[in-house]
Undergrad: 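Structure provided below as structure tokens; questions to follow.
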Amino acid sequence: MPELPEVETIRIGLQKYLVGHIIKDITINLPKQLSGDTKAVIGARVVVVKRFGKGLVIELDNGYSITAHVKMTGQLLYKEPYLSKQVIAGNAKVSMTSLPDKYTHVIFYLDKGAILFYRDVRQFGWIKIVRSDLVASQPYFKKLGPEPLRDLTFEQFQVILQKRKTPIKQLLMDQSLIAGIGNIYANDALFVSRIHPQRPANSLSEEEQKNLLHAIEQVLKKGIEVGGASEWSYVDALGKSGRYQNYFQVYRKHSQPCPRCGSEIQVIRLGGRGTFFCPKCQK
DNA sequence: CCAGCAGCCTGTGCGC
DNA sequence: TGCGCACAGGCTGCTG
């Protein structure tokens with residue numbers, strides 16, 4: 001499930017391949033996944049691709065932007081004829097040769113025979129076309145908290161934690177407090193910093209706060225470095241899988257030995273989400 | 001105001 | 001083998 005590192009990896013791919021392309025036409029197979037002024041993108045050129053939290057913003061040269069959230073199973077894929085072979089070589093989970101397929105809900109036809117398409121098995125994601133100057137006031141983008149690796153300072157982090165007695169893991173995943181962290185990186189960051197996921201956020205000592213922020217930055221950077229986690233259906237803009245799943249410390253490792261002390265990793269449900277931790281290392 | 005949870009979906013993996 | 005069902009998940013919107 002794409003979180004900050006996965007969405008950042010998609011962004012990097014789109015920034016590299018999409019910028020400069022002109023959108024010629026759109027095909028909409030599942031109307032509920034696309035909203036806004038869809039006609040506005042026709043004839044416009046892609047200028048830059050940005051990311052805020054887990055959201056993507058593809059800015060066009062006519063004052064409009066394509067905003068998107070891929071939720072769990074969404075994929076934004078770029079394809080052009082001469083790239084097909086190269087893409088398959090990149091250990092793609094999805095064979096790009098058979099795409100677009102029945103899960104492809106929106107297709108943007110670009111110049112030079114390239115396409116950008118949105119594929120989403122569970123149909124939870126969305127694409128919204130809005131004026132660029134209104135992106136920041138859109139419901140999803142409006143309520144995003146500060147970005148780790150970009151503008152989240154230790155002082156801010158401390159204030160966020162001190163105010164609340166919510167279990168620390170739930171707090172980390174609250175997008176309005178800190179943007180971009182999901183279940184995978186929340187679990188792993190807490191393991192790295194040896195903090196129990198159920199600890200009230202305001203109970204952390206200053207040292208624990210520092211360790212946690214450092215761990216968050218560490219796991220997110222590692223995630224980006226290895227192209228994200230492809231535990232489910234995540235692939236980047238060229239259909240390539242990431243490798244972070246090989247670095248999971250505790251996420252989905254229940255009943256397996258803790259990589260640090262050998263104790264059995266436990267699983268509980270916290271805020272309705274699977275929560276994995278080592279009962280011995282994490283206090 | 002905040003916490004908790006249903007709903008949105010469908011492929012996967014389990015038990016029988 | 002095949003069926004049925006719980007489960008996974010981010011976010012919105014509703015309820016208590």
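Residue numbers begin at 1 in each chain, while the letters A, B, ... track the order of the sequences.
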Undergrad: How many whole angstroms separate atom OH of A:Tyr185 from atom P of C:dG9?
TA: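 Whole-Å distance recorded here is 14 Å.
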
Undergrad: Rounded to the Å, how far apart are A:Lys165 NZ and B:dG4 C1'?
TA: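 Rounding to the nearest Å, NZ of A:Lys165 and C1' of B:dG4 are 14 Å apart.
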
Undergrad: With a 4.0 Å limit, can you tell me whether A:Tyr103 has a side-chain N or O closer than that to the phosphate oxygens OP1/OP2 of B:dC9?
TA: no

Undergrad: Once the angle between the rings of A:Phe52 and A:Phe141 is folded into 0 to 90°, is it parallel (under 30°), tilted (30 to 60°) or perpendicular (over 60°)?
TA: perpendicular

Undergrad: Apart from A:Leu134 itself, what residues make up its hydrophobic cluster when side-chain heavy atoms of I, L, V, M, F, W and Y under 4.5 Å apart count as a link, directly or indirectly?
TA: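 For A:Leu134, no cluster forms, as it stays isolated from other hydrophobic side chains.
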
Undergrad: Give a yes or no on whether a salt bridge exists between A:Lys210 and A:Glu207, defined as a side-chain N under 4.0 angstrom from a carboxylate O.
TA: no

Undergrad: Expressed in angstrom and rounded to an integer, what is the separation of A:Arg252 atom CZ from C:dC7 atom P?
TA: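 Atom CZ in A:Arg252 sits about 14 Å away from atom P in C:dC7.
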
Undergrad: Is it possible for you to check whether A:Lys222 lies under 6.0 Å from the centre of the six-membered ring of A:Tyr247, through NZ or CZ, and within 45° of that ring's axis?
TA: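 Judged by the rule (NZ or CZ under 6.0 Å from the ring centre, within 45° of its axis), A:Lys222 counts as positioned above A:Tyr247.
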
Undergrad: The side chain of A:Arg269 lies closest to which of these nucleotides: C:dA8, B:dG11, B:dC9?
TA: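 For A:Arg269, the side-chain atoms sit closest to C:dA8.
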
Undergrad: Per the side-chain hydrogen bond (donor to acceptor under 3.5 Å, both in side chains) rule, which among A:Glu3, A:Gln218, A:Glu6 passes with A:Tyr185?
TA: A:Glu6

Undergrad: Are any of A:Tyr251's side-chain N or O atoms less than 4.0 Å away from OP1 or OP2 of C:dG9?
TA: yes

Undergrad: Starting from P on B:dC1, measure out to CZ on A:Arg164 and report it in whole angstrom.
TA: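 Computing the A:Arg164:CZ to B:dC1:P distance gives 12 Å.
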
Undergrad: Taking atom P of B:dC8 as reference, at what distance in whole Å does atom CD of A:Gln33 sit?
TA: 15 Å

Undergrad: Assess the pair A:Tyr78 and A:His21: is the distance between their ring centroids shorter than 6.0 Å?
TA: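 Ring-ring flag for A:Tyr78/A:His21: true, centres closer than 6.0 Å.
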
Undergrad: Any side-chain N or O of A:Thr166 under 4.0 Å from OP1/OP2 of B:dA3?
TA: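 Yes, A:Thr166 has a side-chain N/O under 4.0 Å of OP1/OP2 on B:dA3.
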
Undergrad: Over all strands shown, is A:Gly274 touching base, sugar-phosphate only, or nothing at heavy-atom distances under 4.0 angstrom?
TA: sugar-phosphate

Undergrad: Measure from NZ or CZ of A:Arg260 to the centre of the six-membered ring of A:Phe191, then state whether that distance is under 6.0 Å and the direction lies within 45° of the axis.
TA: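 Satisfied, under 6.0 Å and within 45°.
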
Undergrad: Given atom CD of A:Glu6 and atom P of C:dG9, what is their separation to the nearest angstrom?
TA: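 After rounding, the reported distance stands at 13 Å.
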
Undergrad: Would you please confirm or rule out a distance under 4.0 Å between OP1 or OP2 of B:dC9 and any side-chain N or O of A:Lys32?
TA: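 Checking B:dC9 against A:Lys32, a side-chain N or O does come within under 4.0 Å of OP1 or OP2.
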
Undergrad: Looking at C:dG9, B:dG4, B:dT10, which one has an atom nearest to any side-chain atom of A:Gln170?
TA: B:dG4

Undergrad: Protein within reach of the bases, or only the backbone? For nucleotides 10-16 of chain C, mark each nucleotide 5' to 3' as B, S or -, using heavy atoms under 4.0 Å.
TA: BBS----

